[in-house]
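The chain is numbered in sequence order, starting from 1. Source: prediction; values computed, not measured. Just the heavy atoms: all of them, side chains too, but no hydrogens, waters or symmetry mates, feed the values below.
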Amino acid sequence: QVQLVESGGGLVQPGGSLSLSCAASGNIFSINGMGWYRQAPGKQRELVARIYSDGSTNYADSVKGRFTISRDNSKNMVYLQMNSLKPEDTGVYYCWAAVIIRVQFGNSKYLEVWGQGTLVTVSS
């Protein structure tokens, strides 16, 4: 089965930087897109950034110019470089992937997969 494993969360001061990584593994035929979502205490989960197979990206307005998403297709990994961090960036960050897996009889299946989340805390 497909799994996503995040790393890089932690405590950082306002104005600081932090990098997140996510590795996808399992019976993957192809990955159509990968990205990051976050959820602050008492709020709904929201999109942070996504990157697709054609290289296109989209970002939340609140992180444009500060965060950069990138992908290493050969390693099935996605990264999020976070600069100029603000207290409102605090939350649990979840890796997301849209994948195609191989199943029996030569068929394939589309799945959306979530990681377990990693906590990012921005505080003085």
Side-chain angles (χ1 to χ4, degrees):
Q1 202 62 239
V2 178
Q3 292 182 336
L4 303 178
V5 179
E6 302 112 325
S7 62
L11 175 65
V12 63
Q13 294 182 346
S17 298
L18 201 63
S19 295
L20 304 181
S21 300
C22 175
S25 62
N27 188 27
I28 301 171
F29 178 74
S30 65
I31 300 179
N32 299 122
M34 299 188 76
W36 296 91
Y37 291 71
R38 69 186 180 189
Q39 187 167 22
K43 292 188 175 182
Q44 295 183 344
R45 187 176 301 186
E46 64 176 353
L47 171 71
V48 177
R50 302 216 300 214
I51 184 167
Y52 300 94
S53 298
D54 62 0
S56 62
T57 60
N58 61 86
Y59 294 88
D61 289 340
S62 60
V63 308
K64 287 181 179 177
R66 299 188 298 120
F67 292 10
T68 302
I69 189 169
S70 60
R71 177 177 172 181
D72 187 336
N73 293 333
S74 66
K75 298 180 180 179
N76 288 342
M77 296 191 69
V78 66
Y79 310 91
L80 186 68
Q81 177 65 47
M82 303 184 292
N83 299 323
S84 302
L85 283 162
K86 305 175 181 179
E88 52 262 42
D89 295 318
T90 294
V92 178
Y93 284 67
Y94 297 91
C95 184
W96 166 90
V99 306
I100 303 294
I101 64 171
R102 301 289 293 272
V103 297
Q104 61 182 328
F105 309 122
N107 294 322
S108 60
K109 184 177 181 180
Y110 173 85
L111 294 176
E112 294 190 14
V113 186
W114 294 89
Q116 80 285 355
T118 184
L119 178 63
V120 173
T121 302
V122 185
S123 177
S124 299

Sort and list the pairs that fulfil side chain to side chain donor-acceptor pair (under 3.5 Å) and have at least one residue in residues 113-124, not counting sequence neighbours. Glu6-Gln116
Going by salt bridge (charged side-chain N to carboxylate O under 4.0 Å, His left out), name the pairs with one or both residues in residues 89-100, residues two or more places apart or in two chains. Arg38-Asp89, Arg66-Asp89
Least distance between heavy atoms, Pro87 atom then Thr90 atom: O-OG1, 2.9 Å
Same hydrophobic cluster for Val122 and Val63, using side-chain heavy-atom links shorter than 4.5 Å among ILVMFWY? yes
Linked, directly or transitively: Trp96 and Leu47 (ILVMFWY side chains, under 4.5 Å): yes
Pair listing, salt bridge (charged side-chain N to carboxylate O under 4.0 Å, His left out) test, anchored in residues 109-124, at least two apart: none
Side-chain touch Tyr59/Thr68, heavy atoms, less than 4.5 angstrom: yes
Looking only at non-hydrogen atoms, find the nearest pair between Ala49 and Leu80 and report the distance. CB-CD1, 4.4 Å
Report the relative orientation of the aromatic rings in Tyr93 and Phe67; use parallel for angles under 30°, tilted for 30 to 60°, perpendicular for over 60°. tilted
Sub-4.5 Å side-chain heavy-atom contact between Trp36 and Ile51: no
Using the rule given for side chain to side chain contact (heavy atoms under 4.5 Å, CB included), can you reason through Val48 versus Met82, listing the C-alpha separation, both sets of side-chain angles and the distance that settles it, and then say yes or no? CA-CA 11 Å; Val48 177; Met82 303 184 292; over 6 Å; no
Using the test salt bridge (charged side-chain N to carboxylate O under 4.0 Å, His left out), find all partners of Asp61 that sit at least two apart in sequence or belong to another chain. Lys64
Can you tell if the side chain of Tyr94 reaches within under 4.5 Å of the side chain of Leu4, non-hydrogen atoms only? no
Do other residues, nucleotides or ligands put more than 12 heavy atoms under 6.0 Å from the CD atom of Gln3? no
Can you find a heavy atom in the side chain of Arg71 that is under 4.5 Å from one in the side chain of Ser53? yes
Val113-Ile101 co-clustered via ILVMFWY side chain contacts under 4.5 Å: yes
Crowding at CD, Glu88 (>12 non-hydrogen neighbours, <6.0 Å): yes
Side-chain donor-acceptor contacts of residues 9-35 below 3.5 Å, not counting sequence neighbours, with atom names and distances?
| from | atom 1 | to | atom 2 | distance (Å) |
| --- | --- | --- | --- | --- |
| Ser17 | OG | Asn83 | OD1 | 2.9 |
| Ser19 | OG | Gln81 | OE1 | 2.4 |
| Asn27 | ND2 | Arg102 | O | 2.6 |

side-chain hydrogen bond (donor to acceptor under 3.5 Å, both in side chains) partners for Asn107, two or more places apart: none
